[in-house]
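Data first, discussion second: the structure below is written as C-alpha cells.
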Amino acid sequence: MKYTQLGRTGLKVSRLVLGTMNFGPQTDEAGSHTIMDAAQGAGVNFFDTANVYGFGADKGRTEEIVGTWFAKGGGRRDKTVLGTKVYANMAPEGGKVWPNHDKLSALNIRRSVDASLKRLGTDYIDLYQFHHVDRDTPWDEIWQAIDILVQQGKILYAGSSNHAGWHIARANETAARRGSLGLVSEQCLYNLAERRAEMEVIPAAQGYGLGVIPWSPLHGGLLGGALRKEREGGAGRSGVGRSADALANSAIRAKIQSYEDLLDKHGLEPGEVGLAWLLTRPGVTGPIVGPRTTDQLASALRAVELTLPDDLLASLDEIFPGPGPSPEAFAW
C-alpha cells in the first residue's frame with residue numbers, strides 16, 4: 001500500500017479509502033468484518049463511514065458493525081484512521097423528525113458525536129465530516145462546537161462532504177479568524193465520467209490545503225465494465241441506479257463503449273483504471289471504494305499499484321474531457 005498526507009495535516013493515510021456504506025444493507029456483519037480484516041491486512045488504514053449508514057430503520061447499523069470489529073482487539077482501532085459524518089436526521093424511516101436532530105447546529109453536533117462514539121465503541125473520531133452544507137447554521141457556531149470537541153479529545157480533525165468551492169472558502173476563512181484549524185478534507189463526487197469538481201471544488205481544496213476524497217469513483221458501476229457485464233450476464237446485468245440510467249442514454253453508452261474498447265486494447269480492467277486515474281489527479285488523497293466482497297476489494301487494491309502510461313491518460317481525456325482550468329473554462 002502507498003500512503004500520503006491528508007491535505008496539509010501531519011496525518012498519514014492510505015491512498016485507498018475503505019468505504020463502509022454497504023456494511024449492513026448489502027454485506028452482513030461477518031462478511032463486513034472479513035473485508036475490514038483483509039483491507040487492514042493489505043495496509044489500508046483509512047476507513048470511512050457515516051452515522052446514517054444502514055439507512056431506513058437501520059440507521060446507525062454500519063457504525064455498529066465497525067464498532068464490533070474494533071472490539072475484537074488486535075490493534076484494529078489503533079491502526080485505523082476513522083472518518084464518520086454528521087448531518088442527516090437519525091429518526092427511523094417514517095418517524096417524527098424532531099427539531100434540532102439533524103444538520104449542523106452546535107446542539108446536533110454535540111448529540112451526534114456522542115451517539116457515533118457509542119455505536120463505534122471508541123473514545124475518539126479521527127476525521128469528523130459534515131455530510132452536507134447547512135445553509136442555516138453560521139460557520140462561527142459550527143467551529144465553536146468543533147473546537148470544544150477537539151479540546152475534549154472526541155475528534156481530531158474536521159472535514160466536509162458535498163461542499164462547493166465557496167463553502168470551503170467561507171468555512172476556512174471563518175476558522176482562520178477564530179484561530180481554528182478548519183477543514184482538512186473534502187469528500188466529493190469525482191470520477192472520469194463526472195469531472196465538474198475540477199472547476200471549483202478541487203482548486204478550492206488545493207488552495208486551502210484540503211485532501212480530496214472522491215466518492216463514487218466508478219460512477220455507480222458505470223466505469224467498472226458495465227457493458228461487458230451486460231453482455232456476459234444478459235440484459236440488465238450492468239446494474240441499477242446511476243449505471244443503468246446512464247446506459248439508457250445513447251451518447252453516454254457510446255462513451256462507455258469507447259472506454260471499454262480502449263482498455264481492452266491495453267489489456268486492462270475498467271474498474272482498476274477508473275481508480276488508478278483518480279490517483280493521478282492533483283489534490284486527490286485517495287478514492288473511497290465500497291466493496292461488498294473480498295474479491296472486489298482485491299481488484300481495488302490492484303489499482304494502487306497500476307501505472308497508467310501518458311498515451312492512455314491522453315486517450316482517457318479524449319473520451320471524458322474535463323471542464324478545463326478555472327476560471328478560464330467559464331470566463332473566456
Side-chain angles (χ1 to χ4, degrees), residues 1-21 39-40 42-50 79-87 124-133 139 142-143 146 149-150 155-176 180-192 194-218 274-290 300-301 303-304 322 326:
M1 180 53 60
K2 298 176 182 178
Y3 300 90
T4 189
Q5 305 301 127
L6 179 62
R8 67 188 186 282
T9 76
L11 190 65
K12 187 170 289 187
V13 295
S14 52
R15 297 226 61 200
L16 206 63
V17 184
L18 181 68
T20 63
M21 189 170 68
Q40 195 167 81
V44 176
N45 76 334
F46 197 1
F47 288 16
D48 177 76
T49 190
K79 295 175 183 176
T80 302
V81 174
L82 174 65
T84 192
K85 307 183 193 77
V86 57
Y87 180 86
Y124 73 101
I125 293 163
D126 298 276
L127 179 64
Y128 202 49
Q129 300 161 105
F130 311 129
H131 212 160
H132 203 279
V133 177
W139 279 106
I142 294 170
W143 288 129
I146 293 300
L149 294 178
V150 171
I155 70 171
L156 301 182
Y157 303 94
S160 58
S161 181
N162 305 307
H163 282 48
W166 74 270
H167 292 127
I168 292 170
R170 174 174 282 184
N172 274 22
E173 290 298 334
T174 304
S180 302
L181 182 61
L183 300 172
V184 303
S185 64
E186 161 60 18
Q187 195 175 126
C188 60
L189 175 61
Y190 184 38
N191 54 59
L192 267 168
E194 175 51 82
R195 295 178 62 172
R196 284 178 293 177
E198 294 176 0
M199 186 72 77
E200 293 276 5
V201 176
I202 292 175
Q206 289 183 278
Y208 284 97
L210 279 64
V212 175
I213 308 170
W215 61 265
S216 194
L218 300 182
L275 295 174
W277 177 83
L278 281 167
L279 293 173
T280 71
R281 306 307 299 167
V284 169
T285 298
I288 298 174
V289 297
L301 290 168
V304 179
S326 174

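Note that the structure is predicted; figures quoted are calculated from it, not measured.
Between Ile155 and Tyr124, the closest side-chain pair of non-hydrogen atoms is not below 4.5 Å. Between Val13 and Tyr3, the closest side-chain pair of non-hydrogen atoms is not below 4.5 Å. Within the 4.5 Å cutoff, no side-chain heavy atoms of Ile202 are placed close to those of Pro282. Residues Pro287 and Leu16 meet the side-chain proximity criterion, which asks for heavy atoms closer than 4.5 Å. Side-chain contact check for Leu127 versus Val81: every heavy-atom pair is 4.5 Å or farther apart. Residues Ile213 and Asp48 fail the side-chain proximity criterion, which asks for heavy atoms closer than 4.5 Å. The closest side-chain heavy-atom distance from Asn45 to Lys79 is not below 4.5 Å. At a threshold of 4.5 Å between non-hydrogen side-chain atoms, the residues Val212 and Cys188 count as touching.
Between the side chain of Trp166 and the backbone N or O of Glu200, no donor-acceptor pair lies under 3.5 Å. The backbone N or O of His132 sits nowhere less than 3.5 Å from a side-chain atom of Asn162 that would complete a donor-acceptor pair. No donor-acceptor pair closer than 3.5 Å links the side chain of Asn191 to the backbone N or O of Gly274. Under a 3.5 Å cut-off, the side chain of Ser185 and the backbone N or O of Gly211 do not form any donor-acceptor pair.
In the model, Glu198 has a side-chain atom that pairs as donor or acceptor with a side-chain atom of Tyr190 under 3.5 Å.
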Residues Leu183, Tyr208; criterion side-chain contact (heavy atoms from CB on, under 4.5 Å); working and verdict: CA-CA 8 Å; Leu183 300 172; Tyr208 284 97; over 6 Å; no
Would you sort out whether Phe47 and Val17 count as a side-chain contact (heavy atoms from CB on, under 4.5 Å), showing the intermediate values? CA-CA 6 Å; Phe47 288 16; Val17 184; over 6 Å; no
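Applying the 6.0 Å contact sphere to CZ of Arg8 captures more than 12 heavy atoms from other residues, nucleotides or ligands. In this structure, Lys2 places its NZ atom where more than 12 heavy-atom neighbours from other residues, nucleotides or ligands lie under 6.0 Å away.
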